[in-house]
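Bear in mind that the values here come from a model prediction, so they are computed numbers and not experimental data. As a basis for the values below, the full set of heavy atoms in this structure was taken, side chains included, without hydrogen atoms, waters or symmetry mates. We're numbering straight along the sequence, starting at 1.
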Amino acid sequence: MTVSISRVSSVVIFSEEWLAIAHWWANLTRQPLVRFPRSASIDLAGVEIVFSPTDERNPPGGSPLPYLEVADFNDARRELANRGCLEIHRPLAVQGGRQITQFRDPFGNIFGIEGALSGPDELWPEVVQEMRELRELYE
């Protein structure tokens, strides 16, 4: 079995100064900046460039993190695990009815996958609560 990857959907840049960097890139590229509670993004030639705060998994100065769009999120997770990848992040619901997770490949490189969110049963209960809170914030 193979993982059906259609494109690089997004690249995440982690920084303590994520918002300042987001504004800098939006100004440089003359693209509108989209703000979320804990991130901001611009669309650059169809690829979402996301600026996010650092955390214990993503310290400052690290490499940008590419996310690959997959046809079937759960099938891709299983196949990547079968090929020796370690899932290092629990699946998270994100804007636009999508979900993401992160993996470390057998060589130590970190990447993410992104796919359609088909239902809350795919996620842990705390993620369902996060989704409700985000919906309330934007309604």
**Request:** Spell out, as yes or no, whether a donor-acceptor pair under 3.5 Å connects the side chain of Q99 to the backbone of A116.
**Result:** yes
**Request:** Could you give me the CA-CA distance, side-chain angles and deciding distance for R35 and L19, then say whether side-chain contact (heavy atoms from CB on, under 4.5 Å) is met?
**Result:** CA-CA 9 Å; R35 289 279 312 269; L19 190 52; 3.6 Å; yes
**Request:** Tell me, with the steps shown, if L80 and I113 meet side-chain contact (heavy atoms from CB on, under 4.5 Å).
**Result:** CA-CA 10 Å; L80 289 167; I113 62 169; 3.8 Å; yes
**Message:** Assess, by modelled atom type and distance only, whether the side chains of Y67 and Q102 contain a donor and an acceptor separated by less than 3.5 Å.
**Reply:** yes
**Message:** With side-chain hydrogen bond (donor to acceptor under 3.5 Å, both in side chains) as the test, pick out the partner of E69 among S10, S6, S9.
**Reply:** S6
**Request:** Determine the minimum heavy-atom distance between S41 and E48, stating which atoms define it.
**Result:** OG-OE2, 3.3 Å
**Item:** Derivation of the side-chain contact (heavy atoms from CB on, under 4.5 Å) call for V8 and L68
**Value:** CA-CA 5 Å; V8 174; L68 309 173; 4.0 Å; yes
**Prompt:** Taking all non-hydrogen atoms of both residues, which atom of F73 and which atom of G115 are closest, and how far apart?
**Reply:** CD1-N, 3.7 Å
**Message:** Test of understanding: with side chain to side chain contact (heavy atoms under 4.5 Å, CB included), list the residues that count as partners of S4, not counting sequence neighbours.
**Reply:** A71
**Message:** Could you measure the distance from the CH2 atom of W24 to the OG1 atom of T29? Nearest 0.5 Å is fine.
**Reply:** 9.0 Å
**Prompt:** When rounded to the nearest 0.5 angstrom, what distance separates CD1 in I42 from CG in N27?
**Reply:** 10.5 Å
**Message:** Contact between C85 and P106 at the side-chain level, heavy atoms closer than 4.5 Å - yes or no?
**Reply:** yes
**Message:** To the nearest 0.5 Å, what is the distance between CD1 on I88 and CD1 on I110?
**Reply:** 4.0 Å
**Heavy-atom side-chain contact between F14 and L65 under 4.5 Å** = yes
**Message:** Return the CD to CD1 distance between E16 and I21, rounded to the nearest 0.5 Å.
**Reply:** 9.5 Å
**Item:** Flag, side chain of R83 to backbone of D105, donor-acceptor distance under 3.5 Å
**Value:** no
**Complete:** So CD1 of I100 and CG of L117: to nearest 0.5 Å the spacing works out to 11.5 Å
**Prompt:** Quick one: which of E87, R90, E114 gives a side-chain hydrogen bond (donor to acceptor under 3.5 Å, both in side chains) with T101?
**Reply:** E87
**Any side-chain heavy-atom pair of V3 and V70 under 4.5 Å** = yes
**Request:** Identify the heavy atoms of W18 and F51 that sit nearest to each other, and give their distance.
**Result:** CE3-O, 3.5 Å
